[in-house]
Amino acid sequence: MAAGASLWGTLTAPLIRQNPVTLQILGICSALAVTTSLDTALTMAISLTVVVVLAAGIVSLIRRHIPTSIRLIVQIIIIGSLVVVIDQCLKAWFFELSQRLSVFVSLIATNCIVLGRTESFARTNPPLPSMVDALGNGLGYGLVLVVIGACRELFGTGKLLGVQILPLAEQGGWFTPLSLMLLAPSAFFLLGALVWAMRSLWPEQADDPDFPPHETGEERP
Amino acid sequence: MNDLAALFLQAMFVENMPLTYFLGLCTFLALSRRPDTAFGLGVAVILVMGVTVPLNQLIYSAVLAPGAWRWAGLPEVDLSYLSLLTFIGVVAGCVQLLEMVLDRYLPKVQAAFGAFLPLLTIHCAIIGGSLFMVERRYDFTQAAVYGLGSGAGFALAVVMLGAVRARLAYADLPAGLRGLGAAFLITGMMSLGFSSFAQMVAP
Amino acid sequence: MADLNPFSLWRRFLNTPNDNRAKTLAVAFLVSAACALLVTAATVLLRPIQAENRAAEQQARLEALIAAVPGISELIAASGGEALSTVVVDLDRGAAATGITPETLAAALAEQGNWTALAPADDIAGIGNRPDYAQIYLLRSGEAVSLAILPVVGSGYNGRIQALLALDGDMRRLAGIAITEQMETPGLGARIEEPLWQQSFAGKQLFDESGATRFAVARGPGRGEFEVDGITGATRTSNAVTNMVRFWVGPKGYGPLMAAIRRGEF
């Protein structure tokens, strides 16, 4: 079952150890804008996962016949078309959600994760591992989005997925919502805190210091 | 004239691409370690956005918008679903053309900023600018002003972040916060600061 | 003739080295064609479902919101429990639009020609351009119109504000307002969505004896019959609401329509 074990490894690596957002700084753009509530975050995560898995599968299927000079454009066309199809599907069956997501579903086409996976993995690997790798990266991205979306919605409005969890003070409870959570800066703070937590728990992910400070008192004569 | 100035200021400060809409963050964070690379990126973004947003507006209103083919007797044709792919193509083509033009006529500029242009081929902020232009139904002059303003806003934000991070390189940060973590927190504070500009532009 | 066999032709094509110029062009063309087909098929197949869903959702939302305008249900019950009638109106003429129904309104408004650009002096609400047609709701008691519900839009502090404005049959007094969409600051401007504040609109006069528009959202408590209490800390949003109401009851908004209703043409 070596193949199975390595597939499992491919799937789970991007969840924590090689998380595309927190380690590789990919795909953040559209990540933060849609995390004001959990349902938009989930929709975005699922859309991106679907696009990246399908794109990886298609690129991998035709990988032997993509001329090097046009490889980026071919990948971009495939990804862009998939995004348009997903956008149309969302407008057809989840109209209200697609209104709230506005242009960010279209911006999945520019998401570094998707092009990054097709360029670096799917182009040189068979379809099944490519799709598993894509799924793993999509899930890693989704994990970050769901954590931040849940925090922002819970502390910003007391609700999760529209269900009131923390009773609001205005309605007789004890919770006064933190309005900052609904504004843009909070997403940055939360993501920064998440990155800090992950790099403290898994120190191998941390960056090396650019200019290590001198130790005083030991080297001087 | 007044509204165009207001639109420019709005695009640059109030609706700042990286700080309010979280667009363009990949390059924003990756290239802001030092002010000079940040400045190069900023200028490249202004150039590309200033060219592509009005160009995309022309293409959208002439070809893709619903009812654009009325002059040919086809008023129901609605090609707006192709706008994403068209914009990506236009931006990629523009970047390529810009590179060639700079190389031929302004080689010094090419030497200074040319390395950043390929990164902008599929850049969230640049495509996002065109998509917002469609959503808000800007006309040609508004699109041009909006493109330049958004680019200028991106440039401002990235240079400021570059300056701060250059200083931070000498700081003794906790290991987990070094690099990306600190960059996020600083960006968050900048974003908070920029939201004070929301009072600035009167409608 | 075996060379023209499509399968062997295809296999030969696949075996050509990738750098071959002909192959590059062929691959580019095939990929573009396949993607264009995929995208167009998806759009064309889904368009009817999208239009249906969109129309159904909009109608349901509008009807729920009309019911939410404070006091409307009492008014409807008082007038004998009749349902609201709806009609698409032509704003410039102040009459029912010819040839446009509520179902075809969305398509009509997708055309740029059905929007009027507003000169800055006229554009009090800051919306840039104004649709030439709108779907309004009328409540009648007997022949006369006792209530009109008009969709309005304005430019708020953070984005568009959309609302339903309810006017009494005399077209001079507000019956209520329901904010349907806003992006204002939570806890400050966003309080325009609170039912209590919206209820304070009922009974306020729009115009004075000379016909000048006097309605306003005040800074601080509202004084007199023309003013509604302002929201503390949300001056810009309050001003946006004032400007929105003033624009839409004015000559570039529903003014012609309101005059027509007053003359009894509806």
Side-chain angles (χ1 to χ4, degrees), chain A residues 21-23 25-35 72-73 76-77 79-81 83-85 87-88 91 102-107 109-113 115 180 183-203 205-213, chain B residues 16-30 33 81-89 91-92 118 121-128 130-132 134-135 166 168-195:
Chain A
V21 180
T22 54
L23 185 64
I25 325 182
L26 295 175
I28 319 172
C29 314
S30 16
L32 298 180
V34 302
T35 46
L72 278 177
I73 287 288
I76 292 176
I77 294 181
I79 295 170
S81 311
V83 168
V84 174
V85 171
D87 193 27
Q88 299 290 341
K91 283 205 191 103
S102 80
V103 301
F104 292 102
V105 173
S106 296
L107 286 174
T110 59
N111 194 306
C112 324
I113 295 180
L115 193 62
L180 180 65
L183 300 175
S186 62
F188 286 116
F189 293 139
L190 282 173
L191 198 49
L194 184 66
V195 168
W196 192 3
M198 284 176 74
R199 292 188 182 190
S200 306
L201 289 171
W202 291 279
Q205 293 187 5
D207 288 344
D208 295 323
D210 293 319
F211 301 99
Chain B
N16 193 285
M17 279 290 183
L19 298 180
T20 319
Y21 286 114
F22 309 101
L23 292 178
L25 286 181
C26 306
T27 42
F28 182 76
L29 290 167
R33 285 189 168 234
Y81 66 98
L82 289 176
S83 40
L84 176 66
L85 292 170
T86 316
F87 293 161
I88 292 179
V91 171
T121 319
I122 48 160
H123 192 257
C124 326
I126 297 182
I127 307 278
S130 296
L131 291 174
F132 280 129
V134 165
E135 208 180 62
L168 270 189
Y170 297 96
D172 186 16
L173 290 171
L177 207 48
R178 252 181 246 136
L180 192 59
F184 273 128
L185 293 182
I186 300 166
T187 313
M189 286 187 258
M190 277 171 60
S191 174
L192 204 51
F194 265 69
S195 60

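In this text, all values refer to a predicted model and were calculated from it rather than measured experimentally. Each chain gets a letter, A, B and so on, in the order its sequence line appears, and its residues count up from 1.
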Would you give the length of the straight line joining atom CD1 of B:Ile126 to atom OG1 of A:Thr110, rounded to the nearest 0.5 angstrom?
10.0 Å

Contact origin within A:Leu72 toward chain B - heavy atom pairs under 4.5 Å:
neither

Could you label the plane-to-plane angle of the A:Phe188 and B:Phe22 rings as parallel, tilted or perpendicular, counting under 30° as parallel and over 60° as perpendicular?
tilted

Shortest non-hydrogen contact from A:Arg199 toward B:Arg178
NH1-O, 3.5 Å

With a 4.5 angstrom heavy-atom cut-off, which part of A:Ser186 approaches chain B: side chain, backbone, both or neither?
neither

Between B:Leu177, B:Thr187, B:Leu185, B:Leu84, which has the largest tally of heavy atom pairs under 4.5 Å with chain A?
B:Leu177

As an exercise, state the distance from CG of A:Asp87 to OH of B:Tyr81, rounded to the nearest 0.5 Å.
13.5 Å

Correct closest heavy-atom pair for A:Ser200 and B:Gly176 would be OG-CA, 4.2 Å

CH2/A:Trp196 to CG/B:Leu180 distance, rounded to the nearest 0.5 angstrom?
13.5 Å

If I measure from the heavy atoms of chain B, does A:Leu201 come under 4.5 Å with its side chain, its backbone, both, or neither?
neither

CD1/B:Ile88 to CD1/A:Ile76 distance, rounded to the nearest 0.5 angstrom?
7.0 Å

Atom group of B:Leu192 that falls short of 4.5 Å from chain A, counting heavy atoms
both

Structural part of B:Pro174 lying under 4.5 Å from a heavy atom of chain A:
side chain

Highest number of heavy-atom pairs under 4.5 Å with chain A among B:Met189, B:Met17, B:His123, B:Met190 belongs to B:Met189

From CD1 (A:Ile79) to CG (B:Leu85), nearest 0.5 Å
11.0 Å

Which region of B:Leu131, side chain (C-beta onward) or backbone (N, CA, C, O), has a non-hydrogen atom less than 4.5 Å from a non-hydrogen atom of chain A, or is it both or neither?
both

